[in-house]
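One structure below.
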Amino acid sequence: MKKNNPLLKVIKLRKTFPGVVALNNIDLEINEGEVHALVGENGAGKSTLIKSIVGAYKKDSGEIFFDNQKVDFNSPAQAFQSGISAIYQENSLIPQLTVIQNIFLGAEQFTRLGIIDEKKIYQQYLEITEQLGFELSPHDKVRDLGVAEQKLVEILKALIHKAKFIIMDEPTASLSADEIEHLFRIISELKSNHISILYITHLLGEVFRIADRITILRDGEKIDTVSTKEVDQEKVITMMVGETLKDAYTSKFTGHEKCLETVLKVENLKRKPRVNGISFKACAGEVLGIAGLRGAGKTELSRLIFGADKMESGQIFINEKPVQIQSPLDAVKQGISLVPEDRKKDALILMLELYKNITLPTLNQVLNNGIISPSKEYAIAKQAIEKLDIRTSGVKQITRYLSGGNQQKVAISKWLQTEPKVLIMDEPTQGIDVKAKLEIYNIVRKLAEAGVCIIFISSEVPEVIKVSDRILVLSNGVITDEFHQGVTQEEVMRTILKKSK
């Protein structure tokens, strides 16, 4: 690694969203041939930073220099053409095309007659795959590849396009141990060829294996950049969490101390690869938090309980009685509702009016002689707006034009119409501002006080601690620990990070 030769230099970068300062004057330097880790809790600003660098987000202020030139990319495609490649958890490949077609897309070789020189392309493919120890038929369709193979195709694509700087966002998610080792060998090879890597992960064990330096973000602020050789995992965890937060959010939330009535019990739920034998119980009036990294199996667990996915084995009990849940309709009949993780994709129909979204699960309640009664829908929607303080111009407002926080309130209200005994909330504050988060917390508290059993799933440890009476830590599809009131953020984070190595 060449010292004092930054390939990428970010100076005082600032990015805000309505009500939120996502990045506050961030400085970052990444040297040529360096593996640089970027760490921080969910919501720390990691994704916003890389999206601002590659032009997916327009920065509010600050400067970016790449390869000794000031840059201001308008799009990730422009950054890619300049030598910056971002490999996200969700790949950007074209599934219908073959491996070699994806790799050389935009970098085709032509003969003098203007025809694609397939022989030359194939020879170049063989050379680079041999160099990296990569064995895969170039003519396989990408849609037929596994996750690990697709990530490697993206790396090859970056190299063919002469990338000098590769961003890897949670690259080992869904990879096996052998696949992770192969990826690490490739990263080492890239480093030896003076290619810089920005490696984003929650898994500190990986950071200390491959990174030269670590930059820690917290709440949109840069805490420090340190040499991997000069710190240990405990020190990095403390910087991620913040010493001033050690005793934060330890007060009781609902005051729920003992279980008077077990409403939900699950025994040995399985659906591989993400749910590998999970058992727990939850009580009336309890807020049961489920914490863990993305990919730990939290969403998959919620979908099994709600009947959106079919379990391979296991049993669900409601009020101590076994129930068969084969579909969401079965779950609703048993008193279980789910506010899903992706409100825009799975919870709401954004082009419909607010009132239609709210009454969608309970249309049987708004029928007059088999015909939907708009007046009944309006009445229910007006009550929901008042109860959850949804900021809207009226019941007929198109849902897509609401703020993220108010869209989330609509998603919650929609399922409250079913009068659930158990309400599962998967990442309920994702993508909303601080004020809206506090309003969601208040809704959770009131529902619990009314006796509803809340399963509160989140990747953000501070909020899980803030709202929960009890916390289960999920890692690799199993429950690895349980915490009760009084636990600190640092204790939960330490458990999550160590169990997820």
Side-chain angles (χ1 to χ4, degrees), residues 17-20 42-43 253-254 287-290 299 302 306 328 332 335-363 365-366 374 376-460 462-464 466-468:
F17 298 102
V20 179
N42 290 105
F253 182 66
T254 66
V287 181
L288 176 63
I290 298 182
T299 292
S302 71
F306 188 58
V332 170
I336 302 172
S337 289
L338 167 66
V339 180
E341 177 182 23
D342 190 336
R343 62 176 173 271
K344 293 182 178 180
K345 177 174 175 283
D346 298 324
L348 301 171
I349 303 175
L350 294 176
M351 291 308 298
L352 287 184
E353 297 90 337
L354 180 151
Y355 77 91
K356 289 182 180 178
N357 270 293
I358 287 177
T359 59
L360 197 57
T362 51
L363 288 176
Q365 297 177 14
V366 295
K376 287 185 177 181
E377 287 190 287
Y378 298 161
I380 290 173
K382 286 177 181 177
Q383 288 180 351
I385 290 169
E386 184 176 347
K387 183 176 181 180
L388 270 64
D389 192 23
I390 301 172
R391 312 293 168 80
T392 174
S393 61
V395 297
K396 294 184 180 181
Q397 182 169 358
I398 300 299
T399 307
R400 70 173 294 184
Y401 297 120
L402 295 174
S403 69
N406 284 298
Q407 287 182 6
Q408 190 68 354
K409 289 181 184 179
V410 173
I412 294 170
S413 180
K414 166 184 171 180
W415 289 109
L416 289 182
Q417 304 310 312
T418 66
E419 299 182 349
K421 300 175 184 176
V422 178
L423 180 62
I424 306 170
M425 306 176 81
D426 188 4
E427 302 286 355
T429 67
Q430 182 171 264
I432 63 178
D433 63 37
V434 175
K435 186 174 184 296
K437 284 187 177 186
L438 294 175
E439 292 175 337
I440 299 295
Y441 300 157
N442 192 45
I443 291 169
V444 171
R445 179 182 60 82
K446 288 181 178 179
L447 290 172
E449 288 176 349
V452 179
C453 171
I454 307 289
I455 310 297
F456 190 95
I457 299 171
S458 177
S459 301
E460 296 189 26
E463 74 173 8
V464 175
K466 185 175 180 65
V467 305
S468 303

Do R445 and E449 meet the salt-bridge criterion of a basic N to acidic O distance under 4.0 Å? yes
CD1 of I455 to CD1 of I290: how many Å apart, nearest 0.5 Å? 5.5 Å
E427-S459 side chain donor-acceptor pair, cut-off 3.5 Å: yes
Please assess I424 against I457 for the test side-chain contact (heavy atoms from CB on, under 4.5 Å), listing each intermediate value before the final yes or no. CA-CA 8 Å; I424 306 170; I457 299 171; 3.9 Å; yes
Taking all non-hydrogen atoms of both residues, which atom of G289 and which atom of S468 are closest, and how far apart? CA-OG, 3.2 Å
Measure the OG-CD distance between S413 and Q383 for me, rounded to the nearest 0.5 Å. 10.0 Å
Value rounded to 0.5 Å, distance of CZ in R343 from CD1 in I412: 10.0 Å
List the atom of K396, the atom of E353, and the distance in Å for their closest heavy-atom pair. O-CG, 3.2 Å
Say you draw a straight line from OG1 of T359 to CD of Q417; how long is it, rounded to the nearest 0.5 Å? 8.0 Å
Can you check side-chain contact (heavy atoms from CB on, under 4.5 Å) on E377 and L363, steps first, answer last? CA-CA 9 Å; E377 287 190 287; L363 288 176; 4.1 Å; yes
Walk me through it: do N406 and K409 pass the test side-chain contact (heavy atoms from CB on, under 4.5 Å)? CA-CA 5 Å; N406 284 298; K409 289 181 184 179; 3.9 Å; yes
Shortest non-hydrogen separation from I358 to P361 and the atoms involved: O-CD, 3.6 Å
Taking the side chain from K414 and the backbone from A347, do they hold a donor-acceptor pair closer than 3.5 Å? yes
Intermediate values then yes/no, side chain to side chain donor-acceptor pair (under 3.5 Å), T429 and E460: CA-CA 9 Å; T429 67; E460 296 189 26; 4.7 Å; no
Any donor and acceptor pair, going by atom type alone, linking the side chain of N357 with main-chain N or O of L350 inside 3.5 Å? no
Can you name the nearest heavy-atom pair linking P428 to Q408, along with the distance? O-NE2, 2.8 Å
K376 and Q365: which non-hydrogen atoms are nearest, and at how many Å? CD-O, 4.0 Å
Could you give the distance from OG1 (T399) to CD1 (I349), rounded to the nearest 0.5 Å? 9.0 Å
Less than 4.5 Å apart, any side-chain heavy atom of D346 and any of L338? no
Just verifying a value: how many Å separate T392 OG1 and Y355 OH, rounded to the nearest 0.5 Å? 12.5 Å
Worked check of side-chain contact (heavy atoms from CB on, under 4.5 Å) between L416 and L388: CA-CA 11 Å; L416 289 182; L388 270 64; 4.1 Å; yes
Short side-chain to backbone donor-acceptor contact, T362 and T418, under 3.5 Å: no
What pair of heavy atoms forms the shortest contact from W415 to P420, and how long is it? O-CD, 3.6 Å
